[in-house]
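Below is one structure, written out as structure tokens, with a few remarks after it.
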There are 2 protein chains.
Amino acid sequence: MENRIQRIKEALQEAQYKLTPQREVTVKVLLENERDHLSAEDVFLKVKDKYPEIGLATVYRTLELLSELKILDKINFGDGVSRYDLRKEGAKHFHHHLVCMECGAVEEIEEDLLEDVEKIVEKEYNFKVMDHRLTFHGICGNCQSKKD
Amino acid sequence: MENRIQRIKEALQEAQYKLTPQREVTVKVLLENERDHLSAEDVFLKVKDKYPEIGLATVYRTLELLSELKILDKINFGDGVSRYDLRKEGAKHFHHHLVCMECGAVEEIEEDLLEDVEKIVEKEYNFKVMDHRLTFHGICGNCQSKKD
DNA sequence: AGTTATAATGTTTGTGATTATCAAACAAAG
DNA sequence: CTTTGTTTGATAATCACAAACATTATAACT
């Protein structure tokens, strides 16, 4: 964990930004909740526990900054809130999501799965793919068994 | 075009809704701008040209209704606005998009391309896929050639 | 046609997430 | 220490969208 903070610090500095205490706390919260897709509000509340003086705007600014630096991915599952997801270290691509239409649970898929599709897109549509977002909507295993 | 309006009318009636003049104008605007990923505001302005008395809320309601009936797909490219996209007739799935990071152009892909991926997801993750959203971010052909 | 029930509309007001503003705190450099 | 630029926190503003509600249209009866 310390390593990852260190790495993020370096990324910030490379882009002429500092890892201020506020930013560090925010990053820590993101690391500690890596699998939850937190909204800005969620992050704000969790950060506030550790650093009560922080302002909402600072959290928004930090999330925006980390997104620009591709440390975070800003996602939108269609419920009027942006959610933030740490990009895996070294991951070229955004990972995929399975959103359950019943219970709202969000599962992540680390596998790429899209290599072939991207090749087709590059060739047939002459489009240079830099990143992708793939979300499946459906019914998760849990909710499927409940229905029986 | 008249056919498609007729088909949409039937879909509405099947769900106990009427094709009111306001709804018809809204549908026409959507058909006339089928390739354009309009926001609710965009639709409202275009509808207003043809039917100045219409209220914003009616347009929102109509877009919502058509989305529920799967005539429209509501999409989100990450700029804080929802955009609306007519579903091709008979299409089970949402079509994909190529968003150019340079010029912002949005191209559509009709091909499914995800059949294999969905099979993997259903098997390995025990997730029943109902729909999907896939967007590629990258550089379109136009912008690629400009760079040379 | 007249009456009533229901659906749909338009105006206006609310709401909730995000952004902008701006003065104050802080940090770095001379 | 002084100056300059960065970052912060409080607050107000914005913006997309939803809710409320009175009004109007439509359909189904009589």
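Convention: sequence-line order gives letters A, B, ...; per-chain numbering from 1.
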Practice problem: Could you pick out which residue, A:I54 or B:S39, lies toward the 5' side of DNA chain D when each is mapped onto its nearest nucleotide? | Solution: A:I54

Practice problem: Tell me whether the OP1 or OP2 atom of C:dA17 has a side-chain N or O from A:S82 closer than 4.0 Å. | Solution: no

Exercise. Using distance alone, with no hydrogens and no angle criterion, decide if B:Y17 and B:E68 have a side-chain donor and acceptor under 3.5 Å apart.
Key: no

Quiz item: For the pair made of OH in B:Y51 and C1' in D:dT24, what is the distance, rounded to whole Å?
Solution: 11 Å

Practice problem: For ring-ring contact (aromatic ring centres under 6.0 Å, His included), just list the numbers for A:F94 and B:H137, CA-CA rounded to whole Å, side-chain angles, deciding distance to a tenth of an Å, and then say yes or no. | Solution: CA-CA 11 Å; A:F94 195 48; B:H137 297 257; 9.0 Å; no

Quiz item: With sugar-phosphate meaning primed atoms plus P, OP1 and OP2, does A:F44 contact a base, only sugar-phosphate, or nothing at under 4.0 Å between heavy atoms?
Solution: nothing

Quiz item: Under the side chain to side chain donor-acceptor pair (under 3.5 Å) criterion, do A:H95 and A:D73 qualify, and how do the steps go?
Solution: CA-CA 10 Å; A:H95 52 261; A:D73 282 302; 5.8 Å; no

Quiz item: Within the pair A:T58 and D:dG9, is there a side-chain N or O less than 4.0 Å away from OP1 or OP2?
Solution: yes

Exercise. Using a heavy-atom cut-off of under 4.0 Å over every strand shown, decide if A:Q22 touches base, sugar-phosphate, or nothing.
Key: sugar-phosphate

Practice problem: Find the distance A:Y17:OH to D:dT8:C1' and express it as a whole number of Å. | Solution: 15 Å

Exercise. Mark yes when over 12 heavy atoms from residues, nucleotides or ligands other than B:K50 sit less than 6.0 Å from its NZ; otherwise mark no.
Key: yes

Quiz item: Counting only side-chain N and O atoms of A:R61, is one of them less than 4.0 Å from OP1 or OP2 of D:dT8?
Solution: no

Quiz item: At under 4.0 Å between heavy atoms, what does B:E53 touch on the DNA or RNA strands: base, sugar-phosphate, or nothing?
Solution: sugar-phosphate

Quiz item: Over how many whole Å does the gap from B:L63 atom CG to D:dC17 atom P extend?
Solution: 9 Å

Practice problem: May I ask you to evaluate whether B:T20 reaches the phosphate of C:dT9, defined as a side-chain N or O under 4.0 Å from OP1 or OP2? | Solution: yes

Practice problem: Give the rounded distance in Å between these two atoms: CD1 of A:I75 and P of C:dT18. | Solution: 13 Å

